[in-house]
Amino acid sequence: MSEALQSLLDLLDLERIEEDIYRGHSRSAVVPRVFGGQVAAQAMVAAGRTVPADRHAHSLHAYFLRPGDPGAPIVYSVDRLRDGRSFTTRRVVAVQHGKPIFTLSASFQTYEEGLDHQAPMPPAPDPATLPTGEDRLRSYPHLPAGTVERFLEARAAVDLRYVDDPPFGDFGSPRDPHSQVWFRTNGKLADDPLLHVVLATYVSDMTLLDSVLLAHGRGGWAVGDVVGASLDHAMWFHRPFRADEWLLYDQQSPSASGGRGLGQARIHTRDGRLAVSVVQEGVVRVPRER
């Protein structure tokens, strides 16, 4: 396991301070606020620790309410909303400086047999044929060195490979609002299903709004031609998967309006199984000229 991955796992290993109350800390991000994927992942850890081990996460729905302060701890309070025969529901509120910054509702289910169908996996090149994230980032001379290093530090625990140029790599002209990345953790993980859900949740917030930027030829926060932040995030976990094995994150944007952009995505395993569906809306604003 890489040192960066171990550091991320330590970050997600929350401190229990009271019954159903946990405390977490933050790490550096590309932007000067707490990375949304970190808060969502930590909230899922908090929720999962109050759920029986035989009930696995099948969905989460979250709202980002305020920017997180990376210099202050985050307190996660879990409400046990329901413990039914098949389903368990939890609500988590993340608080900093006495105010909620994030809320999450998560549902867990015991295993059941049932109807089974899925959308087919889209075509994508083998991840081994793609440049590494570091090689890709260092190939763009227009990116300031500090920005590249912040990206690399923030994503060091994950091997994330773009199929095509990301928005910050090739911008200025609109492109098809469709983006694909392959990702896996930089090291093996334990066999705990919740851990793999948590890591996928963490990564899912890294690139989902890229497709919004592509549609308008914008490079994004890395080059400063938009400002934005996540507003809400939803995930449905359809089938078992491992976050330490290659996953294809196929993303598109059906709409942007009113200062907001919507991203939709599916995560497939390398052998074609549909593992996760993801939807996120975020603020995407063009800075006003002074």
Side-chain angles (χ1 to χ4, degrees), residues 29-41 43 59-68 94 99-106 119 122 124 140 142-143 147 151 154 160 162-181 183 200-238 248-268 274 276-290:
V30 178
V31 292
R33 59 178 179 264
V34 177
F35 170 51
Q38 175 207 302
V39 183
S59 70
L60 69 84
H61 300 262
Y63 283 94
F64 298 89
L65 305 177
R66 293 179 175 88
K99 296 181 179 179
I101 65 168
F102 175 87
T103 65
L104 175 141
S105 295
Y140 302 129
H142 59 273
L143 291 181
T147 298
F151 260 105
L160 189 150
Y162 288 90
V163 170
D164 297 307
D165 285 314
F168 53 80
D170 180 15
F171 56 94
S173 298
R175 288 190 270 160
D176 180 33
H178 178 239
S179 176
Q180 289 182 324
V181 298
F183 74 88
T201 301
Y202 179 85
V203 177
S204 69
D205 191 40
M206 288 183 174
T207 62
L208 186 49
L209 296 182
D210 281 0
S211 53
V212 177
L213 304 177
L214 293 175
H216 301 274
R218 297 283 168 172
W221 10 101
V223 298
D225 63 357
V226 299
V227 293
S230 301
L231 287 172
D232 54 11
H233 197 91
M235 303 179 73
W236 293 265
F237 306 98
H238 307 300
L248 177 65
Y249 198 13
D250 188 77
Q251 305 151 93
Q252 63 177 336
S253 175
S255 176
S257 65
R260 307 184 315 276
L262 183 70
Q264 299 176 336
R266 292 169 176 164
I267 299 176
H268 284 83
L274 177 57
V276 189
S277 295
V278 192
V279 178
Q280 182 183 73
E281 190 172 49
V283 172
V284 182
R285 294 183 176 130
V286 177
R288 296 179 179 178
E289 295 185 3
R290 296 182 178 179

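Because the structure is predicted, anything quoted here is derived from the model rather than measured. Counting begins at 1 with the first residue of the sequence.
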Worksheet item: Of all residues at least two apart in sequence or in a different chain, which pass the side chain to side chain donor-acceptor pair (under 3.5 Å) check with Thr103?
Response: none
Worksheet entry | Residues in side chain to side chain donor-acceptor pair (under 3.5 Å) contact with Asp165, at least two apart in sequence or another chain | Arg136, Tyr140
Worksheet item: Given side chains that start at C-beta, do those of Val163 and Val181 come closer than 4.5 Å, heavy atoms only?
Response: no
Worksheet item: Got Val227 and Trp221 here, is their nearest side-chain heavy-atom distance under 4.5 Å?
Response: no
Listed pairs under 3.5 Å, donor-acceptor, residues 205-216 side chains, sequence neighbours left out:
| unit_1 | atom_1 | unit_2 | atom_2 | d |
| --- | --- | --- | --- | --- |
| Asp205 | OD1 | Ser230 | OG | 3.0 |
| Asp205 | OD1 | Gln280 | NE2 | 2.6 |
| Asp205 | OD2 | Gly37 | N | 3.0 |
| Thr207 | OG1 | Gln251 | OE1 | 2.7 |
| Ser211 | OG | Gln252 | O | 3.4 |
| Ser211 | OG | Ser253 | N | 3.3 |

Worksheet item: What do the steps show when you test Phe64 against Leu231 for side chain to side chain contact (heavy atoms under 4.5 Å, CB included), and what is the final call?
Response: CA-CA 5 Å; Phe64 298 89; Leu231 287 172; 5.9 Å; no
Discussion item. Restricting to non-hydrogen atoms, name the atom on Ala119 and the atom on Leu274 that form the minimum distance, rounded to 0.1 Å.
Written reply: N-CD2, 4.3 Å
Worksheet item: Does the Tyr249 side chain pair with the main chain of Ser204, one donor and one acceptor, at a distance under 3.5 Å?
Response: yes
Worksheet entry | Contact list for residues 250-262, test salt bridge (charged side-chain N to carboxylate O under 4.0 Å, His left out), sequence neighbours left out | Arg260-Glu281
Fill in: Heavy-atom pair with the smallest gap, counting every atom of Phe102 and Ala62
CZ-CB, 3.4 Å
Fill in: Contacts of His61 that satisfy side chain to side chain donor-acceptor pair (under 3.5 Å) - sequence neighbours left out
none
Fill in: Minimum heavy-atom distance Tyr202-Ala154, with the two atoms named
OH-O, 3.8 Å
Worksheet item: Is a donor on one side and an acceptor on the other found under 3.5 Å between the side chain of Arg266 and the backbone of Val276?
Response: no
Practice prompt. Work out which heavy atom in Ile101 is nearest to a heavy atom in Pro67; give both atom names and the distance.
Written response: CG2-O, 4.3 Å
Worksheet item: Do the non-hydrogen side-chain atoms of Phe168 and Phe151 ever get within less than 4.5 Å of each other?
Response: yes
Worksheet item: What are the two closest non-hydrogen atoms of Leu104 and Ala40, and how far apart are they?
Response: CD1-O, 4.1 Å
Worksheet item: Can you check whether Val203 reaches Leu160 side chain to side chain, under 4.5 Å on heavy atoms?
Response: yes
Discussion item. Test your reading of the model: is there a side-chain donor-acceptor pair from Asp225 to the backbone of Arg218, 3.5 Å cut-off?
Written reply: no
Discussion item. Using every non-hydrogen atom in the two residues, find where Arg66 and Pro100 come nearest and quote the distance to one decimal.
Written reply: NH1-O, 2.6 Å
Fill in: Student check: side-chain heavy atoms of Leu248 and Pro122 closer than 4.5 Å
yes
Item to complete: With the side chain counted from C-beta on, respond yes when Phe171 and Val223 share a heavy-atom pair under 4.5 Å apart, and no when they do not.
Response: yes
Worksheet item: Hey, are the side chains of Thr201 and Met235 touching, using non-hydrogen atoms and a 4.5 Å cut-off?
Response: yes
Response to the item:
ring-ring contact (aromatic ring centres under 6.0 Å, His included) filter on Phe237, not counting sequence neighbours, yields none
